[in-house]
Structures are given as C-alpha cells and as structure tokens.
Amino acid sequence: MTSQSQGIQQLLQAEKRAKDKLEEAKKRKGKRLKQAKEEAVAETDQYRMQREKAFHLKQSKMMGSQSHLADEIEEQTLEKIKELHRSYNKCMESVIKQLLSMVCDMKAEVHVNYRATS
C-alpha cells in the first residue's frame, strides 16, 4: 500500500511539475508576443517617421517654390501699381484740361443735317 501511495505521490508531483512548466511556457509565450508587438510598433513608428520626414521635405520644396512664385507675383503687381500711379500723375493735368476745354469751349453751329423748313 505504501508503494501505491508513493507511486500516487510521484504521479501528483510529476503532474504538478508539468503544470508548472506549462504555465511557465505560457508566460514566456505571452512575454514574447508582447515583445514582438512592441518591436512591431517601434518598427512601424520608425517607418512612419521616415515617410513623414520625406513628405515634409517634398512639401517644403513645393511650398517654397510656390511661395517664391507668390512673392514674385506680388512684387510685379506692386511695380505695376506704382507705374500706373506715375502715369496717372503725369497725364492727369493734361487730361483735365482737355476735358474742360471740350466742355467749356462750345461753338454754336448749325448741324449739317439741319434743314430749314419755311
């Protein structure tokens, strides 16, 4: 009987050791999955940062050239406005004199198509 109880004890101990090994293996597997997940997240974050950096570089090149064009257009517009103001100031007096002479210096004449009916 003692050999039977001793055999049962050995089986129970072996079962306990197997159970402990299974739990330990599950813990290692969980740790490894967690570590793999963290590595994957870190890798994707690094890739995303590289792509964003490349995107921002291209964007800054494009926006830089666009802002340069906008600056040139603004400069040309201001120069054209200044030129128009100079032309206005230069010709204003002569145009006003011409308009006043056309309005004020009227000559009374009979129109060429006028027919006297009498």
(message) Restricting to side chain to side chain donor-acceptor pair (under 3.5 Å), what partner residues turn up for Gln46, sequence neighbours left out?
(response) none
(request) Go through the structure and list residues passing side chain to side chain contact (heavy atoms under 4.5 Å, CB included) with Ser101, not counting sequence neighbours. (result) Asp105
(request) Using side chain to side chain contact (heavy atoms under 4.5 Å, CB included) as the criterion, list what pairs up with Ile81, not counting sequence neighbours. (result) Thr77, His85
(request) Sequence neighbours left out, what passes side chain to side chain contact (heavy atoms under 4.5 Å, CB included) with Ile8? Give chain and number order. (result) Leu12
(request) State which residues pass salt bridge (charged side-chain N to carboxylate O under 4.0 Å, His left out) with Arg17; sequence neighbours excluded, sorted by chain then number. (result) none
(message) So, taking the atom named OG in Ser87 and the one named NZ in Lys80, what distance separates them when rounded to the nearest 0.5 Å?
(response) 9.5 Å
(message) Salt bridge or not between Glu43 and Lys37? Use side-chain N to carboxylate O under 4.0 Å.
(response) no
(message) The criterion is salt bridge (charged side-chain N to carboxylate O under 4.0 Å, His left out); which residues satisfy it with Lys97, sequence neighbours excluded?
(response) Glu93
(request) Each residue besides Tyr88 in its hydrophobic cluster should be listed here, by chain and number; the cluster joins Ile, Leu, Val, Met, Phe, Trp and Tyr at side-chain heavy-atom distances under 4.5 Å. (result) Met92, Ile96, Leu100
(request) Would you please name every residue forming a side chain to side chain donor-acceptor pair (under 3.5 Å) with Glu72, sequence neighbours left out? (result) His68
(request) With sequence neighbours excluded, tell me which residues meet side chain to side chain donor-acceptor pair (under 3.5 Å) with Asp45. (result) Arg48
(message) My understanding is that only residues two or more places apart in sequence, or in another chain, count here; which of them pass side chain to side chain contact (heavy atoms under 4.5 Å, CB included) with Met49?
(response) none
(request) Tell me, please, which residues at least two apart from Arg28 pass side chain to side chain donor-acceptor pair (under 3.5 Å). (result) Glu24
(message) If hydrophobic residues (ILVMFWY) are linked whenever their side-chain heavy atoms come closer than 4.5 Å, directly or via other members, who joins Tyr114 in its cluster?
(response) Val110
